[in-house]
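Below you'll find the structure, written out as structure tokens, and then a few comments.
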Amino acid sequence: MCGIIGYIGSRNAVPILINGLKRLEYRGYDSAGISFLKNNKIGVRRCAGKIKDLELYIKKEKIVSHVGIGHTRWATHGKPTESNAHPHRAGGIVVVHNGIIENYFELKEGMKKKGQVFTSDTDTEVICHLILTYTQKGYDLEKATKEALKHVEGAYAIGVMNEFEPDKILAVKNDSPLVLGLGKGEHFIASDIPAFLKYTRDVIILENGDMATLTTEGISIFNLKKSKTVKQKVEKISWTPTMAEKGGYKHFMLKEIFEQPRAIADTIRGRFSLEKGTVNLKEFSLRESMLKKLNKIFLVACGTSWHAAMVGKYIIEDMVRVPCEVDIASEFRYRQPIVPRGSLMIVITQSGETADTLAAQREAKRLGAKVLSICNVVGSTSAREADGVFYTHSGPEIGVASTKAFTTQLTALYLFSIALAKAKEKLGAKEIKALFHELLLLPEKVEKALQCDDAVKKIARKYHRAQDFLYLGRGINYPIALEGALKLKEISYIHAEGYPAGEMKHGPIALIDHNLPVLALAPDDNVLEKILSNMEEVKSRGGKLIAVAHEGSSKVRSRVSNVLSMPETNYYLTPIIFSIPLHLLAYYIAVLRKCNVDQPRNLAKSVTVE
Ligand code: AGP
């Protein structure tokens with residue numbers, strides 16, 4: 001997610017913009033820039049790289065201005081370069097933007113045909129040109145922006161300035177966060193409160209459709225959806241700046257767990273058409289003709305991403321009947337794999353820089369496979385070297401333990417599988433529409449799943465002193481048992497194992513005693529009866545049983561006192577819902593054990609060495 005800051009007042013805007021962007025650095029970014037008004041002329045200074053590079057770049061100029069906007073870019077469209085950095089400009093209009101414009105390609109092509117010249121690969125630049133078009137009709141900035149945004153589909157939080165109206169900044173919010181800071185004779189916009197908390201604690205949280213006009217005299221807000229002026233509540237923020245970076249959450253990991261509804265919504269946004277029943281393959285450089293001929297898929301990754309790869313196998317083989325081979329990357333690269341020509345290798349990597357995954361990706365290419373990277377970092381090595389990239393728009397993941405990246409990887413695999421099923425005519429239009437409908441409901445179902453928070457805290461209090469933990473799952477949820485165990489291991493340092501429940505009799509059952517908490521994943525699927533009997537095995541040997549089940553699952557509730565109830569969804573999306581309580585359980589146990597949740601010992605966010 002990008003960082004936005006804007007200032008209008010009597011102080012010099014430039015240091016305020018730079019300091020504000022520095023407070024947003026924790027969000028991760030790849031380029032930065034500011035725009036300012038001086039002697040009624042717009043200035044723009046941008047660079048790829050870090051804010052300190054931008055500071056060096058502008059230092060000599062000693063710019064003094066009283067109104068400006070700034071931006072740190074987390075690339076979603078277009079590589080991290082100076083030309084793609086924000087603010088973007090068209091004529092006297094400059095814009096900073098956080099979000100995704102779904103229809104930017106069509107808008108851009110239409111405006112290019114009318115002679116508009118674009119200088120970047122970004123979706124954002126179309127907003128500048130649209131607003132400029134309307135100001136050239138004589139509209140003021142508010143009206144021009146209002147008319148321009150009628151053409152725009154997607155999520156956006158924008159800051160806008162017009163060289164010919166130097167006494168104001170405009171801020172518009174639609175599905176991406178945007179807040180206002182109220183000072184004395186000065187006002188701020190930002191994508192997140194930390195950016196201006198040093199200057200004011202009086203904040204307005206904008207709502208969807210709000211278009212705020214900021215001047216030194218005050219702020220007025222017009223809601224474009226309600227077509228009327230609105231008065232939003234001013235809130236007093238009591239957080240420390242460090243707390244503010246985490247959005248009031250104690251750790252980045254908890255913030256990222258609760259960001260998942262938005263992360264999943266952003267990952268599916270603009271990626272499929274419910275009406276046409278199609279996945280928009282162009283963005284991933286995939287063609288239906290290539291998918292149609294596909295007879296073998298390799299899924300390769302490390303750690304949590306490997307768990308996503310395992311779920312991908314279950315989805316693809318069940319939905320499409322194309323054989324899939326899943327490997328841990330460090331194994332794939334050394335096992336002399338047999339990769340039939342025309343195979344597809346799907347690498348899954350949050351960072352795009354994991355050494356073993358990159359090596360496996362290169363080995364697959366050397367053997368003649370096409371490579372699709374499911375990746376969260378634009379311009380990362382995996383993304384650059386792949387034949388196609390499916391970017392998970394989860395935003396920067398700061399916590400070492402991967403959560404929102406994992407569930408957006410699963411979301412990407414679900415969409416890919418539907419595209420493959422369509423190409424191979426395995427699913428009809430009605431079935432595809434049903435799968436899309438369930439996908440559209442997913443963000444709110446994840447929101448609902450997150451309501452188990454208090455119940456999970458109680459279980460964490462009961463079992464945080466355990467020496468060992470066992471996680472059991474079957475079928476598509478077996479990888480989720482592994483994921484739950486990995487999360488607990490990596491942040492609480494408790495020894496935990498995930499196992500296919502059917503394996504109990506082949507060894508793990510010897511572990512069961514009254515000291516061992518056993519968490520069983522028990523969705524209402526074709527193997528529920530089997531997992532119920534595994535749960536009986538655990539209970540009869542005194543194991544401490546915890547279950548994750550679909551709400552209203554009376555069969556599970558009648559057997560277990562600690563049941564975490566999850567909203568119903570289809571077979572393929574259950575792993576996403578069922579991972580929510582497991583991530584929360586690991587988090588709360590780690591907090592009770594006073595572990596360093598965001599930076600666990602011995603671990604790095606990206607393992608760039610073998
Ligand atoms: C996830 O919680 C772990 N931190 C780790 O297993 C991670 O998933 C693994 O290192 C792979 O990272 P990647 O997705 O960036 O390639």
Side-chain angles (χ1 to χ4, degrees), residues 254 257-265 268 311 314-315 318 403-404 406-408 410-411 414 434-463 469 471-481 483-484 487-488 498 501 517-536 538-539 543-589:
L254 191 61
I257 288 172
F258 279 88
E259 276 180 346
Q260 290 181 106
R262 190 270 315 147
I264 290 168
I268 64 178
V311 173
Y314 281 97
I315 300 177
D318 181 275
T403 51
K404 61 178 183 174
F406 175 64
T407 50
T408 53
L410 297 183
T411 306
Y414 181 83
L435 291 172
F436 282 155
H437 265 302
E438 195 56 35
L439 184 60
L440 286 168
L441 295 173
L442 184 62
E444 67 184 79
K445 291 193 174 183
V446 169
E447 200 73 69
K448 191 153 185 262
L450 287 163
Q451 289 167 13
C452 72
D453 194 43
D454 287 339
V456 171
K457 277 181 196 162
K458 284 199 192 85
I459 294 172
R461 275 196 289 275
K462 212 168 161 184
Y463 296 115
F469 245 91
Y471 289 75
L472 300 177
R474 280 183 177 259
I476 199 168
N477 291 295
Y478 157 43
I480 304 306
E483 171 60 11
K487 279 292 164 301
L488 190 67
V518 179
L519 187 145
L521 298 168
D524 276 348
D525 62 12
N526 61 324
V527 287
L528 174 60
E529 291 307 325
K530 303 286 181 200
I531 198 108
L532 289 173
S533 59
N534 294 130
M535 288 156 72
E536 288 304 332
V538 170
K539 270 174 69 176
K544 304 288 178 223
L545 203 51
I546 306 158
V548 180
H550 280 136
E551 54 200 8
S553 173
S554 53
K555 285 187 177 174
V556 176
R557 203 175 310 290
S558 60
R559 287 171 169 79
V560 188
S561 47
N562 282 323
V563 179
L564 295 165
S565 297
M566 295 293 115
E568 305 270 354
T569 182
N570 67 30
Y571 168 74
Y572 305 115
L573 294 177
T574 296
I576 292 175
I577 299 290
F578 274 45
S579 59
I580 303 291
L582 272 52
H583 287 164
L584 285 169
L585 181 62
Y587 171 79
Y588 285 118
I589 288 179

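Hydrogens, waters and symmetry mates are skipped; everything else that's a heavy atom, side chains included, is used.
- Side-chain atoms of Tyr588 and Asp453 form a donor-acceptor pair, as typed in the model, at a separation below 3.5 Å.
- Scanning for salt bridge (Lys or Arg N to Asp or Glu O under 4.0 Å) contacts around Lys555 gives Glu529, with sequence neighbours left out.
- Expressed to the nearest 0.5 Å, how far CG of Leu545 lies from CG of Asn534 amounts to 10.0 Å.
- Between the side chain of Lys448 and the main chain of Met566, no donor-acceptor pair closer than 3.5 Å is present.
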- request: Check step by step if side chain to side chain contact (heavy atoms under 4.5 Å, CB included) holds for Phe469 and Ile546.
  value: CA-CA 11 Å; Phe469 245 91; Ile546 306 158; 4.1 Å; yes
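- Between Pro443 and Arg262, every side-chain heavy-atom pair lies at or beyond the 4.5 Å cut-off.
- Taking 4.5 Å as the limit, every side-chain heavy atom of Tyr314 sits out of range of all side-chain heavy atoms of Pro575.
- Taking 4.5 Å as the limit, some side-chain heavy atom of Leu564 sits within range of a side-chain heavy atom of Ile459.
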- request: Quick one: do Leu584 and Phe258 satisfy side chain to side chain contact (heavy atoms under 4.5 Å, CB included)? Show the steps, please.
  value: CA-CA 10 Å; Leu584 285 169; Phe258 279 88; 4.0 Å; yes
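- Annotation for Lys530: atom NZ does not count as buried by contact number, only 12 or fewer foreign heavy atoms lying within 6.0 Å.
- Residues Leu532 and Val556 have side chains in contact (heavy-atom distance under 4.5 Å, counting atoms from C-beta outward).
- Contacts classified as ring pair (Phe, Tyr, Trp, His ring centres under 6.0 Å) and involving residues 557-578 (residues at least two apart or in different chains) are given here: His550-Phe578.
- Inter-residue side-chain proximity for Lys462 and Asn562 is flagged as met; some heavy-atom pair is nearer than 4.5 Å.
- Listed by chain and residue number, nothing satisfies the ring-ring contact (aromatic ring centres under 6.0 Å, His included) test with Tyr478 (two or more places apart in sequence, or in another chain).
- No side-chain heavy atom of Thr407 sits less than 4.5 Å from a side-chain heavy atom of Val446.
- Checked options Ile315, Asp318, Leu573; the residue passing with Ile476 is Ile315 (criterion: side chain to side chain contact (heavy atoms under 4.5 Å, CB included)).
- Side chains of Glu483 and Ser579: no donor on one and acceptor on the other come within 3.5 Å.
- Side-chain atoms of Asn570 and Tyr414, non-hydrogen and from C-beta on, do get closer than 4.5 Å to each other.
- Within the 4.5 Å cutoff, no side-chain heavy atoms of Asn477 are placed close to those of Tyr471.
- Identified under the salt bridge (Lys or Arg N to Asp or Glu O under 4.0 Å) test for residues 578-587, with sequence neighbours left out: none.
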Below 3.5 Å, can you tabulate the donor-acceptor pairs from side chains in residues 517-528 to any protein atom, sequence neighbours excluded?
residue, atom, partner, partner atom, Å
Asp524, OD1, Ser553, OG, 3.4
Asp525, OD1, Val527, N, 3.1
Asp525, OD1, Leu528, N, 3.4

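- Leu254 CG to Glu259 CD: the interatomic distance, rounded to the nearest 0.5 Å, is 10.5 Å.
- Contact detail for Ala501 and Ile531: the closest heavy-atom pair is CB-CD1, 3.5 Å.
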- request: Give the intermediate values and the outcome of side chain to side chain contact (heavy atoms under 4.5 Å, CB included) for residues Leu488 and Leu582.
  value: CA-CA 8 Å; Leu488 190 67; Leu582 272 52; over 6 Å; no
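- Under the salt bridge (Lys or Arg N to Asp or Glu O under 4.0 Å) criterion, Glu444 pairs with no residue, sequence neighbours left out.
- Distance check: Ile480 CD1 to Ile576 CD1 gives 8.5 Å after rounding to the nearest 0.5 Å.
- For the atom pair CG of Leu450 and NE2 of His583, the computed distance is 11.5 Å after rounding to the nearest 0.5 Å.
- Between the side chain of Gln260 and the backbone N or O of Ile257 there is at least one donor-acceptor pair closer than 3.5 Å.
- The distance from the CG atom of Asp454 to the NZ atom of Lys457 is 5.0 Å, given to the nearest 0.5 Å.
- Here the shortest heavy-atom pairing between Glu438 and Lys445 reads OE2-NZ, 2.6 Å.
- Taking OG1 of Thr569 as the reference point, atom CG of Leu441 lies at 8.0 Å (rounded to 0.5 Å).
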